[in-house]
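A quick write-up on the structure given underneath.
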Amino acid sequence: MTEERERYCPKCERVFSWEDWQEDNCPFCEVALAELGVGQAAPVLDDTLSSGIPWPQGEREVEVFRAGGYMEAQVIKAVLESGGIPVLLLSSSQLGFTVGSLGMVPILVPKSRREEALDLLAEHVK
């Protein structure tokens, strides 16, 4: 049995749990994933990729919303995930009090799910 550790892409610094992505290469950059070892600091991104909803293999991401901060991004992520849409938050900061352009968080979904995501957001986000 293989030890199921979190892995990350050294190029884009996205973190993947074993449940999210079992392949050896990053689905976005196609670079070999590196394991996060004991004593090795994880990149800032941790809960930015949906868990339990697989990202379509090899599919590119597209932005569907730009949240005003990390907390708002988490709410939007939850709305999209409730519709079964995998989400990637493109965030370099998880500070809930960051505002303005520094706090903006692009919300990305698979390109094939773009229209569905936009419809869901139009229905639930005002």
Side-chain angles (χ1 to χ4, degrees):
M1 182 175 196
T2 318
E3 191 171 337
E4 298 175 355
R5 292 186 176 189
E6 286 188 328
R7 300 173 301 156
Y8 76 100
C9 175
K11 183 175 179 183
C12 68
E13 296 187 340
R14 293 178 172 115
V15 177
F16 301 92
S17 71
W18 183 257
E19 295 83 27
D20 291 335
W21 190 252
Q22 292 86 29
E23 303 296 322
D24 293 329
N25 293 332
C26 175
F28 304 102
C29 305
E30 299 180 8
V31 172
L33 295 175
E35 283 195 14
L36 290 174
V38 177
Q40 180 181 5
V44 173
L45 303 174
D46 62 355
D47 63 345
T48 58
L49 182 66
S50 295
S51 59
I53 305 173
W55 193 278
Q57 185 171 356
E59 190 164 341
R60 301 301 298 177
E61 68 272 9
V62 62
E63 184 177 326
V64 293
F65 194 86
R66 190 167 286 246
Y70 189 74
M71 298 305 287
E72 180 185 15
Q74 288 294 328
V75 172
I76 301 300
K77 179 177 177 251
V79 167
L80 292 170
E81 288 176 336
S82 72
I85 300 172
V87 177
L88 172 66
L89 302 180
L90 197 56
S91 174
S92 59
S93 174
Q94 295 180 355
L95 303 175
F97 54 84
T98 304
V99 295
S101 61
L102 285 175
M104 296 302 234
V105 180
I107 299 174
L108 311 171
V109 299
K111 194 172 183 178
S112 65
R113 307 289 300 270
R114 179 182 183 275
E115 293 305 317
E116 184 182 353
L118 291 173
D119 289 344
L120 194 58
L121 290 174
E123 184 179 326
H124 290 89
V125 179
K126 307 271 187 242

Of all heavy-atom pairs between [X] and [Y], which one has the smallest distance, and what is that distance?
| X | Y | value |
| --- | --- | --- |
| V105 | A73 | CG1-CB, 3.7 Å |
| G68 | M104 | CA-SD, 3.8 Å |
| R113 | P86 | NH1-CD, 3.8 Å |
| V31 | C9 | CB-SG, 4.2 Å |
| P106 | E63 | CB-OE1, 3.6 Å |
| E81 | V87 | CG-CG2, 4.2 Å |

Going by heavy atoms in the side chains, are [X] and [Y] under 4.5 Å from each other?
| X | Y | result |
| --- | --- | --- |
| L89 | I107 | yes |
| V62 | V109 | yes |
| L80 | V64 | yes |

Check for a donor-acceptor pair, side chain of E30 on one end and backbone N or O of N25 on the other, with a separation under 3.5 Å.
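The answer is no, because no donor-acceptor pair under 3.5 Å joins these two groups.
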Separation between [atom1] of [X] and [atom2] of [Y], rounded to the nearest 0.5 Å:
| X | Y | atom1 | atom2 | answer |
| --- | --- | --- | --- | --- |
| L121 | F65 | CG | CZ | 6.5 Å |
| E61 | L90 | CD | CG | 7.5 Å |
| L108 | R66 | CG | CZ | 9.0 Å |
| D119 | R114 | CG | CZ | 10.0 Å |

Under 6.0 Å from the CD atom of E23, do we count more than 12 heavy atoms belonging to anything else shown?
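Yes.
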Are M71 and V75 co-members of a hydrophobic cluster defined by side-chain heavy atoms under 4.5 Å apart?
no
